[in-house]
Amino acid sequence: MDKIITLLFALLLTPVFAFPQYHIQGKITDEKGTGVKGASIYLYKNGELTVHTHSAASGEYHTGNIPQGKYNMVISHIGFRNQEDSVAVPNQDVTLDFILETESTMLDSVVVEGRLSRTTSKGYVFYLSQKAKESGNPFVALQEIPLIYSDPINESVRSADGQAMAILIDGMRVNSGISPIDPSRIKSVEIEDVVGAKYMRQGVKRVMNIKLKKTTSLYTYEQLSARADYPKKDYFIMPKFEIGNSSISFYGDASPGAGHSRKENRYSLVTPVLAKEYWGESENKNREFDYSFMTKWRMGEKDYLAAYIQGNISKETNDYLSHGEQNKHSIVRNNTSEYHSHLFSATAYYKHLFAEDEELEAYAVYSDNRADNTNNLEEHIDGKGGENYQKYSNDRKLMTLTLDYSKDFDNGGSLNFGNETQYSYDRIESTGTGSHLYGHHRLNEFVFAGYSGQLMRRLTYNAMAGMEYVSMKSDSISHHYLKPRMSLHAFYNITNSIKTGVSYRYSNTAPDVTLLNPYNTSADTLLISRGNPFLMPSKTHTFGIDVSYFDKGLSLSANMSYGISNDIAKSVSMTLDNGGLLTTYRNEDRFRSLKMQLNLLWLKNGYTLLMNTAHNVDYYTTAGAKKYFTAMLFIRKKWGDFEVQTSLNYQNYIHTEFSRTKNFNPTSTLVLSYGFTPDIVLSVGCTSFIGNPRSKTTISTGAYRSVSYSTERTFTPWILFRWTLRKNDKTKIDFDNDIMKDHEGKIRL
């Protein structure tokens with residue numbers, strides 16, 4: 001009998017030891033920080049109610065023991081709006097604080113203060129206020145979120161610390177734009193500072209994931225934007241449309257535009273055999289046409305498909321007429337250049353959900369990139385001279401296939417691995433003086449894996465590693481190499497609003513094809529530029545430390561990074577017998593860089609202040625330390641439907657090892673905007689309202705020294721009109737996001 005009782009007792013205890021129990025606790029407050037008594041806490045697992053409890057007088061709550069896993073948590077109280085969120089309970093207790101919003105609060109202006117719901121293993125989760133959800137403009141609504149800056153006038157979103165940020169919608173990277181989103185559909189906004197290995201090559205440091213409520217039935221979206229600059233004679237017009245339902249939708253846009261600018265130039269050159277000086281004015285004209293079309297299809301609850309094409313056609317001309325002296329003889333120079341570009345890109349994107357926390361993404365990208373570069377220089381000394389004509393035709397084909405698998409675990413960990421295969425072929429033909437043909441093949445195979453997790457509740461780590469194989473053939477010269485990439489990050493949440501982190505990154509950078517082309521690409525007989533097909537990739541170690549803080553409308557961050565690069569593609573120059581300069585590249589020396597940056601974002605009572613400042617030091621082996629600083633200041637004020645904003649950007653010096661450009665004044669913009677409705681906005685503004693940008697560039701190496709001055713005549717008033725129409729947009733398919741620019745930029749030698 002004793003044995004039977006002992007066996008039954010052991011069987012009863014088995015589940016306890018097999019399935020450890022944990023609990024969720026925290027505090028529920030109102031918008032003023034006062035504890036909410038009697039709030040109902042519901043915990044669901046697989047659609048079934050698991051826990052129902054209430055908050056105490058102080059607002060604190062405790063769910064009792066529950067097994068680890070994923071739950072749906074609902075907070076409810078009379079007079080407040082319900083809060084709902086998914087919660088992962090790892091192998092430890094979880095602390096979650098909630099802020100409840102009062103019902104039907106209507107204000108005359110948007111109150112800018114992000115509602116922090118909780119911290120996660122990767123970052124933070126925020127909820128919009130009811131006022132933001134009813135604003136009718138997603139860029140206005142997103143102004144409540146700390147750590148980012150959203151600009152409704154330019155319809156852009158950026159990270160407050162200035163670092164590269166990926167924008168996802170329900171985890172989707174390929175979509176048709178933020179602007180079609182109705183903000184009432186935004187369920188939450190996640191800011192993730194722990195990013196996956198799939199972003200390693202793109203250099204993404206932060207991810208914003210907007211989660212939307214699912215809906216059904218038909219919707220339509222149209223938007224018309226137009227801008228004109230005068231007397232600069234720039235303009236663009238951009239219509240957009242989208243139509244569909246929760247299963248399939250179609251998106252398209254087109255944007256013709258033109259530009260016109262002038263610049264005053266002055267140039268002097270001194271060598272032992274040559275003294276030359278000339279001055280004049282250059283005029284630049286450009287025309288451009290962008291287009292894109294996308295179709296999106298939700299094939300089922302677990303399968304998503306998107307396919308789109310993008311294109312760009314552009315033409316640019318530049319005329320520079322100057323007069324001066326060369327060795328006390330009069331000189332007249334006429335330099336004209338023309339640039340034509342055709343870019344086409346097609347992308348297919350597929351995503352499969354094995355489960356809510358497990359997915360597979362696949363990309364296939366093809367781009368056809370063509371450009372013609374023509375440069376003609378006529379130079380006459382005392383009425384006598386000649387002509388130097390060059391024309392380059394670039395033709396690049398690029399194909400990329402990416403596979404990425406990721407899985408989240410109940411303990412807060414996340415696994416990510418995959419591969420990216422890329423092949424490119426560049427055909428560069430010269431049909432001007434000295435015809436030649438240059439071909440470059442490149443195959444990249446990159447395999448990566450990463451894991452992020454928590455060592456303790458407030459300490460998160462992220463480890464990523466990859467191996468890249470590159471095979472290059474530049475005409476008859478071949479290179480094959482295998483190089484690693486790795487990244488290590490550790491973040492510690494001192495409080496829910498203060499975070500510090502350290503990082504290490506090792507990367508390699510293959511030389512661009514423009515650095516490999518061994519033929520001269522300059523029409524100036526005194527400035528010869530050649531690439532080097534023997535270049536190998538450079539290797540860089542980067543160490544970083546950062547601290548960030550935010551509280552409602554205030555966000556502060558400071559970071560410092562130190563980089564060491566070996567085998568960099570260094571620009572080297574030598575003086576020619578005729579007094580000119582030959583520039584090429586080679587792998588040599590060690591390059592070090594130090595950057596200290598401070599970022600501030602403050603939003604209060606309709607005011608926005610965004611400031612980024614950085615002190616930089618570049619250490620060259622032969623030229624020593626080169627110091628410079630950058631600064632950006634943005635100020636915005638909103639009075640009801642009126643809004644004024646101004647921005648200033650300044651970098652005092654731009655350095656290379658043997659050259660320095662000094663900028664005398666910052667670039668500037670002033671904008672006044674009026675919203676007739678949330679969807680009809682008129683803006684007037686002016687660029688360079690504090691003066692045209694002026695700069696001085698000095699090149700000094702050996703016996704060669706040249707100095708040039710330039711003034712960009714960019715003082716230009718402009719007007720912008722944007723009209724958006726939405727119908728049944730609350731039923732929109734949850735695929736909204738900035739289109740991921742899979743195609744590369746236009747090529748230019």
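Here the structure is a predicted model, which is why all the values come from computation and not from measurement. Positions are given from 1 along the sequence.
- Contacts of S471 classified as side-chain hydrogen bond (donor to acceptor under 3.5 Å, both in side chains), with partners at least two apart in sequence or in another chain: H480.
- Applying the side chain to side chain contact (heavy atoms under 4.5 Å, CB included) rule to H440 yields the partners D426, Y438, R442, M472, S474, V513, L516; only residues at least two apart in sequence or on another chain are considered.
- Interatomic distance, CD1 of I186 versus CD of E144, reported as 10.0 Å (0.5 Å rounding).
- Here the closest non-hydrogen pair linking V470 and N444 is CG2-ND2, 3.4 Å.
- Here the closest non-hydrogen pair linking Y619 and F591 is O-CD1, 3.6 Å.
- Counting only heavy atoms from C-beta outward, the side chains of I66 and Y71 approach each other to under 4.5 Å.
- With sequence neighbours left out, the salt bridge (Lys or Arg N to Asp or Glu O under 4.0 Å) criterion links K351 to E359.
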>> Before you tell me yes or no, could you show the steps for F448 and F446 under ring pair (Phe, Tyr, Trp, His ring centres under 6.0 Å), namely the whole-Å CA-CA distance, both residues' side-chain angles and the distance that decides it to 0.1 Å?
In response: CA-CA 7 Å; F448 58 85; F446 180 56; 5.7 Å; yes
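- With salt bridges taken as basic N to acidic carboxylate O contacts below 4.0 Å, none links R206 and E192.
- Aromatic rings from H352 and F354 are positioned such that their centres are separated by under 6.0 Å.
- For an aromatic pair to be called close, the ring centres must be under 6.0 Å apart, and Y504 with Y506 fails this.
- To the nearest 0.5 Å, the span separating CG on D567 from OG1 on T540 amounts to 10.0 Å.
- The nearest pair of heavy atoms linking T95 to G26 is CG2-CA, 4.3 Å.
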> For D618 and S593, what are the C-alpha separation, side-chain angles and deciding distance, and is it a side chain to side chain donor-acceptor pair (under 3.5 Å)?
Replying inline: CA-CA 5 Å; D618 293 339; S593 63; 4.9 Å; no
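- Heavy-atom neighbours of K187 NZ from other residues, nucleotides or ligands within 6.0 Å: at or below the threshold of 12.
- Aromatic rings of F550 and F126 (six-membered ring for Trp) have centroids within the 6.0 Å cut-off, being under it.
- L401 approaches Y363 most closely through the heavy-atom pair CD1-O, 3.0 Å.
- For K407, the NZ atom sits in a packed shell: over 12 heavy atoms of surrounding residues, nucleotides or ligands are nearer than 6.0 Å.
- Separation of the Y461 and F491 ring centroids does not fall under the 6.0 Å cut-off.
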> Under the side chain to side chain contact (heavy atoms under 4.5 Å, CB included) criterion, do F534 and Y585 qualify, and how do the steps go?
Replying inline: CA-CA 10 Å; F534 293 95; Y585 306 89; over 6 Å; no
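- When every heavy atom of H655 is checked against every heavy atom of Y620, the shortest pair comes out as O-OH, 3.9 Å.
- In this structure, M596 and Y562 have side chains that are not in contact, with every pair of non-hydrogen atoms separated by 4.5 Å or more.
- Side-chain atoms of Q597 and T613, non-hydrogen and from C-beta on, never get closer than 4.5 Å to each other.
- Counting heavy atoms of neighbouring residues, nucleotides and ligands inside a 6.0 Å radius, atom CE of M560 does not exceed 12 of them.
- Rounded to the nearest 0.5 angstrom, K595 NZ and S561 OG are separated by 6.5 Å.
- Using a 4.0 Å cut-off between charged side-chain N and carboxylate O, E358 and K302 make no salt bridge.
- Shown here for L353 and E301, the closest heavy-atom pair between the two residues is CD1-O, 4.0 Å.
- Centroid-to-centroid, the aromatic rings of H615 and F629 stay 6.0 Å apart or farther.
- For the pair T402/N419, no side-chain contact is recorded, criterion being any heavy-atom separation below 4.5 Å from C-beta on.
- By the 4.5 Å heavy-atom criterion applied to side chains, M632 and T630 are not counted as neighbours.
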